[in-house]
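Written below as structure tokens is the structure these notes are about.
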Amino acid sequence: MIGVAVLGSTGSVGTNTLRVLARHRDRFRVVALTAYDSADLLKRQAREAGAAFVGLVQGTGVAGTGMGEGCLVEAATHADVKIVVNAIVGAAGLPATLAALRAGKRVALANKETLVMAGDLVLEAARRGGGEIVPIDSEHSAVLQCVTGARAGTLRRLILTASGGPFRDWPAERLAGATVKEALNHPTWRMGPKITLDSATLVNKALEVIEGHFLFGLGYEAIDVVVHPQSIVHGLAEFTDGSVLAQVGFPTMELPILYALTHPERLPDDGTRRFDPVAAGPLTFEPLRRDAFPAFGLGVNAGCNGGTAPAVFNAANEVAVEACLAGRLAFGRIPDVIARVLEAHDVQPAGDLAVVLAADRWARERAEAACS
Ligand code: MG
């Protein structure tokens, strides 16, 4: 039996994870669950899954729990846990990822922000502690499935697909007046509000380019993005001989979650809709409109600049998204806020966690000021 901790169990990836785990009780045991503040749902999940450790970051009302931010690290390093599913949203997931990797655990990572913020430190923690990172993000799961079994050094290029979000074909001038409500209406994926807004600005795709750089060790010039509105082809891997493999399927998070738990093996599972190429087609591909979605280029540039730049990009975006969801910032202003913060930033090498966290704090203050 493999012990699993699910951090962020009440969110979209968290609830999908528990659904997958419930189908495989003979293989996996839910040891620890944590949530931000959804105490009632967390209690119900813990009862149903029989979790020994329950952690609530904010709030009260769950008996026998770990409380506060510390509960994330406690759950992630629990002695009975082998796999930590990190489904926390945003920078708050970083300490738990680092702690789990240092303790030699597998981290099934949905929390891409932590790899963006501190990719080198996360990789170093995995090397030193003997832990490993397996992506849950559907594009990276697709690429991992394509390259598993391939000889080292034969991967030449990644092609990540993007649905294009709700504003894929909107002219730039109409986009400037888009509302949050329109941005939250994603055409193909049902997800939490933060990642849905990130998909509408294409910040999510920039974060995924940076994530791909760290996960697969390729330079930014070797990572491309193509818009694919049907979200059927999740990712492609091009090899040195020019051959390209793709992973396809109807959009569901349950498959990448299951694969992250079992990689490089596969478990028999009938829980998701079987693929039907005729029902899925026709499949189309188009270039990403960089001019209409300037936040994408800002993010990729931050990735190329390296050091603290990706952490600053991520922090500025998190603040802008929060302000936007709270009605304090117009959706169309998110890229301006990110651009202003990045422009004011002096990039530092990110070899030390204190430097990364200081850059993150600095960027949050700057972004708050830019939002008002
Ligand atoms: Mg994704």
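Just so you know, ligand 1 is whichever comes first in the structure, and atom 1 is the first atom listed for that ligand. For the numbers below, each heavy atom of this structure counts, side chains included, while hydrogens, waters and symmetry mates do not.
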* What protein N, O or S atoms come within a distance below 2.8 Å of the Mg ion (ligand 1), ordered by chain and number? -> D137 OD1, E139 OE1, E208 OE2
* To do: Answer yes or no: is there a donor N or O on one side and an acceptor on the other, between the side chain of R106 and the main chain of A260, under 3.5 Å?
  => yes
* Asked: Going by side-chain heavy atoms closer than 4.5 Å, which hydrophobic residues are tied to V233, directly or by a chain of links?
  -> I159, V226, I232, L236, V244, V248, F250, F275, L283, F285
* Asked: Considering residues at least two apart in sequence or located in another chain, which fulfil the side chain to side chain contact (heavy atoms under 4.5 Å, CB included) criterion with A363?
  -> V312, A315, V341
Counting only pairs under 3.5 Å, give me each side-chain donor-acceptor contact of residues 326-336, with atom names and distances, residues two or more places apart or in other chains.
unit_1 : atom_1 : unit_2 : atom_2 : d
R333   : NH2    : A370   : O      : 3.0

* Option from K205, Q230, H186 for which side-chain hydrogen bond (donor to acceptor under 3.5 Å, both in side chains) with S163 holds -> H186
* Asked: Are D40 and R44 ion-paired here, with the side-chain N under 4.0 Å from a carboxylate O?
  -> no
